[in-house]
Amino acid sequence: MLRSLVGSEMCIRDRNMDRLMHRLTQLWEEGDCSMEIPDQVLTAVDQGSNPDEYTRDRLVECHELELQLNGKVGRLAAFHAALKQLAPETVTEQEWQAYKRHKHQ
């Protein structure tokens with residue numbers, strides 16, 4: 001039983017390595033050799049894991065960070081709009097002009 005598990009694990013690792021090598025060969029033939037493969041992908045292949053899982057996880061992380069960033073941009077835009085609306089009531093025209101001059105320097 002142990003021999004068959006080890007054998008199947010090696011078979012999975014070999015298939016993943018074959019896919020990786022096939023893609024690298026394609027990139028080489030296309031002339032696009034500027035791509036770097038993250039160490040985590042190579043480690044995943046060495047461990048018999050599917051390197052697509054690493055890619056999927058990174059895409060999920062990027063999507064989550066994009067959502068956070070979009071929320072921050074939205075809040076900042078709302079803050080600037082509120083500030084612009086309230087500025088004439090709390091800042092004199094002379095202070096506002098001095099701020100604008102300083103901002104554009």
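Computation of the quantities below employed the complete heavy-atom set of this structure, encompassing side-chain atoms and omitting hydrogens, waters and symmetry-equivalent molecules.
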How far apart are the C-alpha atoms of Glu64 and Gln68, what are their side-chain angles, what is the distance that settles it, and do they pass the side-chain hydrogen bond (donor to acceptor under 3.5 Å, both in side chains) test? CA-CA 6 Å; Glu64 290 171 358; Gln68 291 175 11; 5.9 Å; no

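- Nearest heavy-atom pair across Glu61 and Arg58 is OE2-NH2, 2.8 Å.
- Both Tyr54 and Leu42 are members of a single hydrophobic cluster when ILVMFWY side chains are connected at heavy-atom separations under 4.5 Å.
- Shown are Gln97, His104, Lys103; of these, the side-chain contact (heavy atoms from CB on, under 4.5 Å) with Arg101 is made only by Gln97.
- Scanning both residues, Pro51 and Ala44, for their nearest heavy atoms gives CA-CB, 4.4 Å.
- With contacts defined as side-chain heavy-atom distances shorter than 4.5 Å, the pair Phe79/Arg75 does not qualify.
- With rounding to the nearest 0.5 Å, the separation of CG in Asp57 from CD in Gln40 is 11.0 Å.
- Not one N or O on the side chain of Ser49 forms a donor-acceptor pair closer than 3.5 Å with the backbone of Val45.
- Residue-environment remark: CG (Asn70) exceeds the threshold of 12 foreign heavy atoms within 6.0 Å.
- Taking CZ of Arg56 as the start and CG of Asp52 as the end, the distance is 9.0 Å to the nearest 0.5 Å.
- With a 4.5 Å cut-off on side-chain heavy atoms, Lys100 and Trp96 count as touching.
- The line from CD of Glu66 to CG of Leu59 is 11.0 Å long, rounded to the nearest 0.5 Å.
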